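Quick note: residue numbers are just sequence positions, from 1. Both counts, for ligands and for their atoms, begin at 1 and track the order of listing. Note that the structure is a prediction, hence the values are computed from the model and not measured.
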Amino acid sequence: MNHFDYRDGQLCAEDVPLSEIAAAVGTPFYCYSTATLERHFRVFSEAMPKGALVAYAVKANGSLAVIKTLAKLGAGADIVSGGELKKALAAGVPASKIVFSGVGKTRAEMAAGLDAQIYQFNVEGEEELDVLSEVASSKGATASVALRVNPDVDAKTLAKISTGKAENKFGIAWSRVKAAFAHAAKLPGINVAGVALHIGSQITELGPYREAFAKAVALVKNLRADGYQISRIDLGGGLGVPYNDKMAPPLPESYGAVVREAVAGLDAQLIVEPGRLITANAGVLVAQVLYVKRGEAREFLILDAGMNDLIRPALYDAWHDIVPVRHSSAHAKVYDVVGPVCESTDLFARDRELPAVSAGDLVAILSAGAYGAVQASSYNARGLAPEVLVKGRQFAVTRPRQTVDDMISQEQWPDWL
Ligand code: LLP
């Protein structure tokens, strides 16, 4: 459920017509709905056992305004870089609710996390443990750690966004887990408090979760039997969202039931790290049709948004619904919807049926609130699209469009030119 609906023939974000925002900020732009963000966070949190730390995965949408909207509802943050740490803190997420994930933390990032006194580092390897131990000891600090294990479970999602198989770079190999806990216990500056996992993203079946969670819970019990004090379990994120009407991923409630069943009686602090579920359907990318171009065998809708703005279709063959901003009862036509970037992969949709549109019309690419703006680039010297947050009848530009002058001013000349 989201708050992008047609009213009087105009697609609106809550109470604001997207055409009104387009007139004010130009196209393309990202638009997020506060009500949808809040609803998704609430529905997800309410599906979790009481007391769970819902650490929003900032990587899905790093807009400060989005993070702050969620932080005000009590969200923590799952971060993967020193940059995301700064953003989460700047947006008002308490350090006591921040979990630092990721396979390649630098010493400087570890130091920043320790200085901020974050809740937990999710450590992904013995090599990383050694370095965190060194960094923490040199500061006279102790890092709270969960070891992220790789449960070798197939999340049955797109291969490019699967993370919990043995062949993936993530987590500690299942056969090395016991050795890693034993190693960690001997290290100064490290307090291993938990087990963590994350098996992938856009997961649309509950089976892989059941399997992975059961393995994690059994591991916690096993470690406790060996004398380790394991008081936390982090089950990661990954719950899929519907990108169109035909997709029906499990609802948060059903996912919550699987979580509850898995951790029942475990007596551990539960952490979860949802990203996409909170933000994907809370955002759209609005673009203008530049040309309707007739090719040999097909018609191209050439938009002013490109793969630099939203790379998911090009990178993962991901599906995003595309709709006209002004409701249309025109006859349907089949288009290849493309951007202006000089790459054949700059394609949002092939053979897509849409009501006939003309140059100058606005279209909205839906479900673009997760892994959209955060994965954008300025390829072809195209400035990053602005981000707009709507709340009821109000809207605000939360990140202005990056101009070419901004880009030029960030470069410098070498002495010899
Ligand atoms: N926790 C960890 C450790 C993660 O690696 C991720 C996502 C999440 C939580 C959040 O997962 P979510 O709930 O959003 O599925 N760029 C890709 C998705 C990459 C996901 C990376 N990790 C895409 O556009 O589909």
Side-chain angles (χ1 to χ4, degrees), residues 37 40-41 43-45 47-48 53-62 66-67 70 75-81 84 88 98-105 120-125 128 146-151 155-165 168-172 194-205 208-209 212 216 233-243 247 249-250 252 255 259 271-283 285 307 309-320 348 365 367-377:
L37 290 166
H40 288 176
F41 183 78
V43 167
F44 186 87
S45 302
M48 290 298 109
L53 169 58
V54 182
Y56 162 62
V58 168
K59 65 170 82 65
N61 185 319
V66 166
I67 306 171
L70 299 171
D78 167 53
I79 57 158
V80 289
S81 69
E84 286 189 353
I98 295 181
V99 175
F100 198 156
S101 303
V103 285
K105 303 177 195 77
Q120 173 171 301
F121 289 86
N122 285 356
V123 172
E124 305 218 8
E128 184 191 339
L147 292 188
R148 175 170 173 188
V149 300
N150 184 324
K156 303 208 170 77
T157 179
L158 307 172
K160 284 185 179 159
I161 51 177
S162 185
T163 54
K165 288 277 289 166
N168 299 127
K169 69 180 175 185
F170 300 99
I172 296 169
V195 166
L197 57 73
H198 170 81
I199 57 173
S201 198
Q202 185 54 15
I203 297 173
T204 54
E205 295 174 38
Y209 278 128
I233 184 163
D234 181 340
L235 298 178
L239 188 56
V241 304
Y243 279 94
M247 296 171 74
Y255 168 80
V259 170
I271 303 153
V272 279
E273 306 168 351
R276 189 189 311 267
L277 187 93
I278 310 292
T279 60
N281 287 315
L285 172 62
M307 64 187 283
D309 299 301
L310 176 67
I311 203 173
R312 300 194 70 254
L315 199 55
Y316 315 114
D317 292 324
W319 175 286
H320 286 264
F348 290 114
I365 303 176
S367 314
Y371 306 107
V374 279
Q375 295 197 128
S377 77

Quick check on ligand 1: any N or O pairs to the protein under 3.5 Å? One line per pair.
from	atom 1	to	atom 2	distance (Å)
ligand 1	1 (N)	D78	OD2	3.3
ligand 1	1 (N)	E273	OE1	2.6
ligand 1	13 (O)	G238	N	2.8
ligand 1	13 (O)	G275	N	2.9
ligand 1	14 (O)	R276	N	2.7
ligand 1	14 (O)	Y371	OH	2.6
ligand 1	15 (O)	S201	OG	2.4
ligand 1	15 (O)	G238	N	3.4
ligand 1	16 (N)	Y316	OH	2.7
ligand 1	16 (N)	Q375	OE1	3.1
ligand 1	24 (O)	R312	NE	2.6
ligand 1	25 (O)	R276	NH1	3.3
ligand 1	25 (O)	R276	NH2	2.8
ligand 1	25 (O)	R312	NE	3.3
ligand 1	25 (O)	R312	NH2	2.9

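- With respect to K59 and D78, a salt bridge is recorded, a charged nitrogen being found less than 4.0 Å from a carboxylate O.
- Centroid-to-centroid, the aromatic rings of Y209 and Y255 come within less than 6.0 Å.
- Remark: Y243 pairs with H320 by the ring pair (Phe, Tyr, Trp, His ring centres under 6.0 Å) rule, at least two apart or across chains.
- In this structure, N122 contributes its side chain and R148 its backbone to no donor-acceptor pair below 3.5 Å.
- In this view, F121 and F100 satisfy the ring pair (Phe, Tyr, Trp, His ring centres under 6.0 Å) rule, not counting sequence neighbours.
- Among residues two or more places apart in sequence or in another chain, the side chain to side chain donor-acceptor pair (under 3.5 Å) test is passed with E84 by none.
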